[in-house]
There are 2 protein chains.
Amino acid sequence: MSLRYALLALLTAEPLTGYDAAKRFGGSVGHVWHAPDSQIYPELRRMEKEGLIEGEQVRWGPKSTKTRYSITDSGVLAFREWMDSPLDYAPVRDAAHMRAAYFEWADPDSARDCLRRHIDHYADQIACWTVVRAAIVDATNATIAVRLRKYPAEEHERIVAFKAFAYDGLIARGEVEIEWARKGLELLDKVSPEKY
Amino acid sequence: MSLRYALLALLTAEPLTGYDAAKRFGGSVGHVWHAPDSQIYPELRRMEKEGLIEGEQVRWGPKSTKTRYSITDSGVLAFREWMDSPLDYAPVRDAAHMRAAYFEWADPDSARDCLRRHIDHYADQIACWTVVRAAIVDATNATIAVRLRKYPAEEHERIVAFKAFAYDGLIARGEVEIEWARKGLELLDKVSPEKY
DNA sequence: CTGAACTATCTATCTACATAGGTAGTTGGT
DNA sequence: ACCAACTACCTATGTAGATAGATAGTTCAG
């Protein structure tokens, strides 16, 4: 269901085609909610049927059109309602921690590999989040720039602060993941020293 | 696919019925990988068909039986192979952070609620993980006690250390989640002070 | 000896998501 | 004029997982 609200969130900033939306899921919202285009197009159609968004045909080149979706009042309402409703937490499914719990079954070098990849993975993510966060804070990020145009200047700081806050959470979490994996590498060095 | 390996992990300690396994998913592995029994029973049947585990009928009461599954050599091999293979990271889907990024659309009190629930949620989890971690370290935890019986005493510390390490990761992550939510509450107090 | 709680399963339906394609028009550079 | 890269969709199939049941035997306490 969250995909729907991720789409509504995007559409509160500006009207988008399915393709545009899909691209956003490679950045911006994509950092907190991933979705492939094969999920996005049908969901947009469903949302239109339910009146949350409205599609309009716009010219695209000499002999083609594309569908641009805008959020409706009913969509805004639905989004607001979701924003004000309690979240439910998905049950834990964490392959990395599960694997770590059974490291006695892994080759120590594979275990080390696993932790190094964990570090690399989160280091990459943090690098990405940090760049995007910076671009949001100084409004060089195109998406946020468009969004802010809908608000009076005195609200901008607040809105930017929320986005930055979200990214801070992702970054902080990434950092503990890295720290955890580092401790794991230390543990492995202690209990199963690397051959040299 | 990870459900399969979670089940194999369980079965490396001792043979289990589907029901036993399902119960384990309410604790032990369940802390890192959740699954409902309606997923477990069919998966066990599939695994038996593929020769990873073996079911044997055991008497249960005067006129009934139950199926107890044991891991086979092929199952142990498959588990080892998985343990030595690189993990792939699931794309991010994080409703809490997504919501935080759009807090300008929420009523400030709802936003506060959301963050307070976030804190409560992880506080509960941490409390649980801490208890289990302690029980593993001092071997009062039944599951780990059974598992350790299969190993010589000098390996016990290592095995326990891995489990403790996994729980440490969960706890550390829970703690940053709480810290993050606290900062969010501070931010809300700054940008949209509570009415009194 | 009865009822409640627990054990041991199984099913059926639904949605979300992953994966992997396909078609057809557009834009921009050489 | 052509080709590559991009835009704008759409489909189909498969699996994972959520949800909500049903059935039937067992154990144990009052």
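A, B, ... follow the sequence lines: proteins, then strands. Residue 1 opens every chain.
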Set of residues satisfying salt bridge (Lys or Arg N to Asp or Glu O under 4.0 Å) with respect to A:Glu43, sequence neighbours excluded: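 Salt bridge (Lys or Arg N to Asp or Glu O under 4.0 Å) list for A:Glu43, sorted by chain: A:Arg4, A:Arg46.
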Nucleic acid contacts of residues 85-99 of chain B, taken as heavy-atom distances under 4.0 Å to DNA chain D: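 Result for residues 85-99 of chain B: none.
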Which of residues 42-53 of chain A have a heavy atom under 4.0 Å from DNA chain C?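 Correct list: empty, so none.
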Check whether any side-chain heavy atom of [X] lies under 4.5 Å from a side-chain heavy atom of [Y], and answer yes or no.
X       : Y       : value
B:Met47 : B:Leu8  : yes
A:His34 : A:Phe25 : no
A:Arg99 : B:Ser85 : yes

Anything under 30° is parallel, anything over 60° is perpendicular, the rest tilted; go ahead and classify B:Tyr89 against A:His121.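 Because their plane-to-plane angle is under 30°, the rings of B:Tyr89 and A:His121 count as parallel.
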Students often mix this up, so state it plainly: with edges at 30° and 60°, are the rings of A:Tyr5 and A:Trp82 parallel, tilted or perpendicular?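 If you compare the ring of A:Tyr5 with that of A:Trp82, the planes turn out parallel.
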Sub-3.5 Å pairs of nitrogen or oxygen atoms, protein against nucleotides 27-30 of chain C:
none

Could you tell me whether A:Glu14 and A:Arg24 have a side-chain N and a carboxylate O separated by less than 4.0 Å?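 A salt bridge is present here (some side-chain N lies under 4.0 Å from a carboxylate O).
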Over all strands shown, is A:Ser38 touching base, sugar-phosphate only, or nothing at heavy-atom distances under 4.0 angstrom?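 If one applies the 4.0 Å heavy-atom cut-off, A:Ser38 turns out to touch a base.
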What does B:Asp37 touch in the nucleic acid at a heavy-atom separation under 4.0 angstrom: a base, only the sugar-phosphate, or nothing?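 The answer is base, as B:Asp37 lies within the cut-off (heavy atoms under 4.0 Å) of a base atom.
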Just how large is the angle between the end axes of the helix from C:dC1-D:dG30 to C:dT30-D:dA1, five pairs per end, to 10 degrees?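 Inter-axis angle at the termini of the helix from C:dC1-D:dG30 to C:dT30-D:dA1: 20°.
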Establish whether the base of D:dT7 is bridged to the side chain of A:Thr17 by a donor-acceptor pair shorter than 3.5 Å.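 Looking at the base of D:dT7, it does not pair with any donor or acceptor on the side chain of A:Thr17 (distance under 3.5 Å).
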Is the base of D:dT7 touched by the side chain of A:Ser64 through a donor-acceptor pair closer than 3.5 angstrom?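 Looking at the base of D:dT7, it does not pair with any donor or acceptor on the side chain of A:Ser64 (distance under 3.5 Å).
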Show me the side-chain donor-acceptor pairs of residues 162-176 of chain A shorter than 3.5 Å, one per line, residues at least two apart or across chains.
from	atom 1	to	atom 2	distance (Å)
A:Lys163	NZ	B:Ala101	O	2.4
A:Lys163	NZ	B:Glu104	OE1	3.1
A:Lys163	NZ	B:Glu104	OE2	2.9
A:Tyr167	OH	A:His31	ND1	3.0
A:Asp168	OD1	A:Arg133	NH1	2.4
A:Asp168	OD2	A:Arg133	NH1	2.9
A:Arg173	NE	B:Glu177	OE2	2.8
A:Arg173	NH1	B:Asp94	OD2	3.1
A:Arg173	NH2	B:Asp94	OD2	2.5
A:Arg173	NH2	B:His97	ND1	3.4
A:Arg173	NH2	B:Glu177	OE2	3.0

